[in-house]
Amino acid sequence: MTIRDQQALLAPVERDLRLDLFRGIGLWMIFLDHIPHDVVAWLTLRNYGFSDAAEFFVFISGYLVGWIYGPIVAGGWFLAALKRLWRRAAEMYVAHIMLFLLFTAQIARTIRRFDNPMYADEFNVHSFLDHPDILIGQALSLRYKPVNLDVLPLYITLVLAAPFIIWCLVRRPNLTLAASAVLYVLSRWFDWNIASYPPGTTWYFNPFCWQLMFVVAAWCGVGQIEKIAKWVWSKPVMGLAAAWIAFALLIVMTWHIHALEALIPKWMIKAIYPIDKTDLDMLRFTHFLALGIWVTYFVPRHWKALHLKWLRPVILCGQHSLPIFCLSVFLSFSAHWILMQYTRGVWEQLAVSFAGFAIMVGAAWLLDRAERVPSLFVKVTDVDDEPEPSAEGATVKVIAAAPVSR
């Protein structure tokens, strides 16, 4: 019988601003990467290594789930963790459906306004505009997804599975990690994935493979990383990680500088390509882990720079990641439309990119200010005894006025 620990449910969790910072950076990178032919997108990670912002978000989400809900599940409050995580998954599902409807409406209006059907094919909404009755059902079942809307269904799936993952990690952390690795290998070997629409297609982010990143992060979040910290941040491992980062940089540079291709042996090219994002290629996975080793070495948990004003805008975006992500999808399409419809000059690319940053930061600031406003609602409490009738014979209701906690 599980003994419930009340402290595990009520204990406060200290916020790690590093996670908000890197989540905010990831949001900015996603916004830039979704704008084709944007010079500012050269600042994003995908131009200098195998991994990109997708690994950022999946790892941070998994780490937070393990860090926050690990003690709760260990304290015997599995159902409390399940309730909260499934509620979060429901919020993401609603956000995804609303984003889908508004995004396709934005594209449809642009097509009619400028008589340019290119956008329908480019963003995979042509079928929806022709058969909305069929595609609405496919969208509700997460089978049909326009371009740039693939990542939220992956998060929804992982968060739905998170309570059971944490339950296993709390009891058998290393065995759970091994099972996740086996599932990753089997899904790649047998091509397991979730069916998508149109028939014959599958999810762009294969959850059977990307769960490995999530589980590794949750494994770290429940405290297992502390047991091997002296090896992870040892000189040999950090040297190997630095060499892997340098190798990834060299390979990626051959995509942009063709003269460097001669430096790469043909056998190596056959061995590393294609670097598959759908099934989380191991080159991407290990590159992100190598980056994580060095980043956590130089950016400790209580890094003083995290409280500087110039980092505050990025951190604010990271603290409101779901609404800011949804906003970034609209902004990236708007920036793409402006550059395609009017001009693609460098100054225009700089202008739409930094205007997008400003709008995202402004929205995050408004959301932060809104959260600081107290929610003063009357909370009705149940009582066992029958209430005494008032002088007029009416029933007296017992209420307690208290602010609802955030």
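Count residues from 1 along the sequence.
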* Should we say atom OH of Tyr297 is surrounded by more than 12 heavy atoms from elsewhere, each under 6.0 Å from it? -> no

Can you give me every donor-acceptor pair (side chain of residues 220-228, partner residue at least two apart or in another chain, under 3.5 Å) with its distance?
unit_1 : atom_1 : unit_2 : atom_2 : d
Gln224 : OE1    : Lys227 : NZ     : 3.3

* Evaluate the ring planes of Phe333 and His336, with Trp represented by its six-membered ring, and classify them as parallel (under 30°), tilted (30 to 60°) or perpendicular (over 60°). => perpendicular

* For atom CZ of Arg87, decide whether the heavy atoms of other residues, nucleotides or ligands shown that lie under 6.0 angstrom number more than 12. => no

* Between CG of Leu158 and OG of Ser61, what distance do you get to the nearest 0.5 Å? -> 8.0 Å

* To do: Measure from the side-chain N and O atoms of Ser180 to the backbone N and O of Val215, and report whether any donor-acceptor pair falls under 3.5 Å.
  => no

* Asked: Atom CE of Met253 and atom CG of Asn47: how far apart are they, to the nearest 0.5 Å?
  -> 7.0 Å

* Asked: To the nearest 0.5 Å, how far apart are CZ in Arg312 and CG in Leu21?
  -> 11.5 Å

* **Shortest non-hydrogen contact from Val65 toward Leu85** => CG2-CD2, 4.2 Å

* **Aromatic ring proximity, centroids under 6.0 angstrom, Phe78 and Phe164** => yes

* State, to 0.1 Å, how close Pro71 and Ile68 come at their nearest heavy-atom pair, and which atoms those are. => CD-O, 3.6 Å

* **Residue pair Ala242 / Trp294: nearest heavy atoms and the distance that separates them** => N-NE1, 3.5 Å

* To do: Could you check whether the rings of Trp210 and Phe205 sit parallel, tilted or perpendicular, using 30° and 60° as the cut-offs?
  => perpendicular

* Can you name the closest pair of heavy atoms from Leu280 and Cys209 and give their distance? -> CD2-O, 3.8 Å

* Asked: Just wondering, do Leu27 and Phe57 contact through their side chains at under 4.5 Å, heavy atoms?
  -> yes

List the atom pairs, with distances to 0.1 Å, where a side-chain N or O of residues 351-366 and a protein N or O form a donor-acceptor pair under 3.5 Å, not counting sequence neighbours.
unit_1 : atom_1 : unit_2 : atom_2 : d
Ser353 : OG     : Asp38  : OD1    : 3.2
Ser353 : OG     : Asp38  : OD2    : 2.6
Ser353 : OG     : Gln349 : O      : 2.8

* Asked: Has Met98 got more than 12 heavy atoms of other residues, nucleotides or ligands less than 6.0 Å from its CE?
  -> no

* Salt-bridge criterion met for Asp276 and Arg284 (N-O under 4.0 Å) -> no

* Should we say atom CH2 of Trp233 is surrounded by more than 12 heavy atoms from elsewhere, each under 6.0 Å from it? -> yes

* **Phe31 and Trp28 aromatic centres sub-6.0 Å** => no

* His37: ring pair (Phe, Tyr, Trp, His ring centres under 6.0 Å) partners, not counting sequence neighbours -> none

* Over 12 non-hydrogen atoms of neighbours within 6.0 angstrom of CH2 in Trp347 -> no

* Asked: Taking side chain as C-beta onward, heavy atoms only, is Trp203 less than 4.5 Å from Phe208?
  -> no

